[in-house]
Protein chains: 2
Amino acid sequence: MASAMLIRQDDLRLRNRHLVLSAVRVGGATSRTALANRTRLSHSTISAISADLIGDGVLCESPDTMQGRRGRPQIALALQPQAALVVTALLSLNNLSVALVDYAGKVQAQRRCDLPTTSMARSDLLDLVTSEIAELISARPWPAAAVRRIAFAIQGVTDAEARSLLWSPITPHGDVPFADLLEARFGVQTTVENDCNMLVFALQQGDPALYRSNFVALLLSHGIGMGLMLRGEVFHGTRSSAGEFGHVTHQPGGARCRCGRNGCIEAYAGSYALWRRAKGLPPTEMPEKAVSDAQVEDLMVAARERDGPEREAFHEAGTAIGYGLGSLFALIDPAPVALVGIGATAFDLLEEPIREALARTLGGQRSEAFSFRVVERPNMALTLEGGALHALTTLDAEIAGVAASALPARSTAAAAILR
Amino acid sequence: MASAMLIRQDDLRLRNRHLVLSAVRVGGATSRTALANRTRLSHSTISAISADLIGDGVLCESPDTMQGRRGRPQIALALQPQAALVVTALLSLNNLSVALVDYAGKVQAQRRCDLPTTSMARSDLLDLVTSEIAELISARPWPAAAVRRIAFAIQGVTDAEARSLLWSPITPHGDVPFADLLEARFGVQTTVENDCNMLVFALQQGDPALYRSNFVALLLSHGIGMGLMLRGEVFHGTRSSAGEFGHVTHQPGGARCRCGRNGCIEAYAGSYALWRRAKGLPPTEMPEKAVSDAQVEDLMVAARERDGPEREAFHEAGTAIGYGLGSLFALIDPAPVALVGIGATAFDLLEEPIREALARTLGGQRSEAFSFRVVERPNMALTLEGGALHALTTLDAEIAGVAASALPARSTAAAAILR
DNA sequence: ACACTTTTTTCGAAGCTCGAAAAAATGAGC
DNA sequence: GCTCATTTTTTCGAGCTTCGAAAAAAGTGT
């Protein structure tokens, strides 16, 4: 509960450096006075810290400020774009996207390629990932600026330390230590995380009013992914990325799922499940190749047009999602739901069964109160953006000095005592 | 005014006071040198802080120390029992238990009474609760010592601020602002929390090696409750106590549950569900009166003796729990499970179907790896103990000065910036 | 008694934040 | 063009805190 951490004298300064840096990242270019108000630190402290940070080449003064007022003009402090670069990458079904982002958060280069993730050999996959990133880095705008972090997002389960892919439906290869590999190849600290866990960062930054500190992001695509923001923190499992909403059981012993088990939510609501149901294929069968977004859109058209198997497919999907959300909300409390991915565009077909199922599981809580919102931006762009954000905020902590000195040794001692 | 200036610096001292206090609470009587090692603070700092805390009447020197060694003998620092008193209370089905605990954690007085929670009027319930606590307080051992906190645990859903009972299966009355009422009556800060959320504290303290920072406590009694310790913190919902494992859907549209809905886990695994199933009553029916522990034990005897409806009842209960844990573990990752309550004594009957269901939901993860442990101590005692612990650790923070003084304004500002 | 060992306290140095006052940099007015 | 008003930013001394080293304290062993 009261998660006090041991702070030594010098750690105090590091913490406040971090506070200032984060304030600039969240609020954009900001004058010292505004920073003092926002951080509640004194003007003198802000002055000292910002001088340090400018000296470190992390912040820079940008004359761009509101003119025309009386008095000494404000000097806005902004993130120095050339302070660092980060790589953000997303490996999803048959697709690899990478982007190079500067310290201020601007995309400097981008690549993407198609690849047969489900069938390619382990070594080919690794080679392609590293070569794509190598190509990307070679396009760096300022040769002097170092690439400081790689944020690698994957559709699949990663370990709690964000170092390996444990299992994924998009590739038969498990326990792939991407972080070790990329760190060895590029000498850059790397985190490997579930795609939906990165996506939530982008949602939060994109609309902080709507997606503040508690919300659910549901990715409806070939599979079903979830990202959970609780109390301002992305929810992680203790051993893995967890949050496997798509593999919560909907029907004990039900339809066959990609994961090899039966009755998972995904086995009713994933693209392939929609296709299977709409085409009247047996629920034990797995489609050989990926169901494309275009194919799902065809199903949507048909479902909207007339009663029939397509409409039933979406209805069953909505029911599965609704019951799943009911179980989730029983465990964590209701929260606004952001729907992302191709399936989100079918929300008109899904809403009724979702709300119906929710009403059956969360009875009293008037189900109209549950807020759903369809996010228009493509999920891949959101995930890449979220990955960059994650890399940059982690980097902020390191640059401020919090991560390097204060946390590792001491926090364990304090945490053990304070639980 | 003193609180307005030098906030940051003061804050540092307050945190370290808290750190020292917590170290003594967790580790028991401890010498200054040992404290310095554990907290990683310097000897000088420990010396200064402990002098302060002794001066405040919070700690005391106890000569009880390991003798016979060379050198200056250690002086153990212990919690001063008379520094404060706390009340811990538990309202469960037809039962109210209260205890008075001193600052060192020793029970000084205790009471319990039976009461018809399901049928009594709202005002009668409130009167009985207050009068029991009033009687308890009158038994205080040191009239000078103040009662500083009341921890009120309830079988039911409480609000996230720990102030009200929102809904409970043990009483028809909802939205009962127990915290406001008790604070008004006794002038003592009060928290109202779910019983299982308190219970986990006692488990953790009772066996820190086994129940460290990640585990699940499952209370199998008339209903099914759950307490979740994740990363060393008790999991709370954002609006309510949440963690309503018993009301996760097991079978859409299935057996009737006390909560008024259908197919909840509790409707298969609660005492009343066992009774209903074993006696061949229809799954739509609700038993009129509570099923006693003795009755459940009779079912267990019968189930162990021969094949029949009793055995099937336990089998179905285990299946429901197993699937529920499967869903839970898909969302939060597997963790050791502590089984508490009358139903836990039937673990021999439940284990097989639980593991079977788990194997179906969490496929690969060899289900033998899931650790279950039956806790012998009665759940009521555990919950009371946990409540006291919770009250005392909260009080520690307040006494250290972390909660009371300057923090509120800043921590929100910093939290908003640092997310 | 005296030496040895271990714990605890004392003391000065260094660092941090803070509030107040000074300095800087501009617009407004004559 | 000069001065005054206004707002931002820096400077400065005071008051904390923590830390390391040295001193003091309080026993045991011989």
Side-chain angles (χ1 to χ4, degrees), chain A residues 5-20 29-55 59 61-77 400-401 405-406 410 414, chain B residues 1-20 29-55 59 61-77 400-401 405-406 409-410 413-414:
Chain A
M5 251 181 30
L6 172 54
I7 304 181
R8 292 216 293 251
Q9 191 72 24
D10 42 339
D11 293 340
L12 194 52
R13 169 45 81 78
L14 300 184
R15 241 177 76 107
N16 287 337
R17 278 167 65 98
H18 188 199
L19 195 62
V20 169
T30 314
S31 77
R32 289 172 174 81
T33 318
L35 278 176
N37 293 335
R38 274 210 246 153
T39 60
R40 302 284 179 104
L41 292 167
S42 71
H43 288 200
S44 3
T45 305
I46 294 291
S47 201
I49 290 178
S50 54
D52 280 0
L53 291 174
I54 291 173
L59 291 184
E61 298 190 331
S62 79
D64 154 44
T65 173
M66 47 212 297
Q67 295 286 10
R69 302 176 50 198
R70 276 187 85 149
R72 180 174 174 170
Q74 302 184 2
I75 306 166
L77 295 173
S405 82
R410 183 166 25 275
Chain B
M1 61 177 257
S3 67
M5 45 194 227
L6 297 176
I7 297 177
R8 278 287 183 196
Q9 211 72 10
D10 264 358
D11 200 19
L12 191 54
R13 172 42 83 78
L14 299 184
R15 277 176 200 250
N16 286 336
R17 277 167 65 99
H18 187 199
L19 194 62
V20 170
T30 315
S31 77
R32 290 171 175 81
T33 316
L35 279 176
N37 293 336
R38 275 211 245 150
T39 60
R40 302 280 182 103
L41 291 168
S42 71
H43 288 197
S44 4
T45 304
I46 294 290
S47 202
I49 289 179
S50 56
D52 281 0
L53 291 175
I54 290 171
L59 291 183
E61 299 190 330
S62 79
D64 153 45
T65 174
M66 46 211 299
Q67 296 284 11
R69 303 175 51 198
R70 282 188 82 152
R72 180 173 175 173
Q74 302 185 1
I75 306 166
L77 296 174
S405 94
R410 177 172 36 278

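Just so we're on the same page: letters track the sequence lines, and every chain starts at 1.
Mapped onto DNA chain D by nearest heavy atom, A34(A) and S44(B) fall at different nucleotides, with A34(A) at the one closer to the 5' end. Two residues, S42(A) and R70(A), neighbour DNA chain C, and the one matched to the more 5' nucleotide by heavy-atom proximity is S42(A).
I46(A) has its CD1 atom 16 Å from the C1' atom of dT11(D), to the nearest Å. Regarding H43(B), its NE2 atom lies at a distance of 15 Å from the P atom of dA22(D), rounded to whole Å. In this structure, N16(A) atom CG and dC18(C) atom C1' are separated by 12 Å, rounded to whole Å. Rounded to whole Å, the distance from CZ on R40(A) to P on dC18(C) is 12 Å. Distance, Q74(A) CD to dT10(D) P: 13 Å, rounded to whole Å. Between N37(A) atom CG and dT9(D) atom C1' there is a gap of 13 Å when expressed in whole angstrom units. Atom P of nucleotide dA26(D) and atom CD1 of I75(B) are separated by 8 Å, given to the nearest angstrom. Nucleotide dG15(C) holds its P atom 15 Å from the CZ atom of R17(A), rounded to whole Å.
Screening H43(B), Q74(B), R38(B) for a side chain to side chain contact (heavy atoms under 4.5 Å, CB included) with T33(B), the sole residue that qualifies is H43(B).
Under 3.5 Å, the side chain of R72(B) and the base of dT7(C) form at least one donor-acceptor pair of N or O atoms. If you check distances only, the side chain of R13(A) never reaches the base of dC16(C) with a donor-acceptor pair under 3.5 Å.
Closest approach of R32(A) to L77(A), counting heavy atoms only: CG-CD1, 3.7 Å. Across all their heavy atoms, I49(A) and R13(A) have their closest contact at CG1-NE, 3.5 Å.
Between T33(A) and dT9(D) there is a side-chain polar atom (N or O) within less than 4.0 angstrom of OP1 or OP2. Between T45(A) and dC18(C) there is a side-chain polar atom (N or O) within less than 4.0 angstrom of OP1 or OP2. At dT7(C), none of the side-chain N or O atoms of S31(B) fall inside 4.0 Å of OP1 or OP2 (strictly under the cut-off). Contact check, R32(A) against dT10(D): a side-chain N or O comes under 4.0 Å of OP1 or OP2. For the pair R69(B) and dT28(D), the criterion of a side-chain N or O lying under 4.0 Å from OP1 or OP2 is not met.
Expressed to the nearest 0.5 Å, how far CD1 of I46(A) lies from OG1 of T30(A) amounts to 10.0 Å.
With hydrogens and angles disregarded, a donor-acceptor distance shorter than 3.5 Å links the side chain of T39(A) to the backbone of L35(A).
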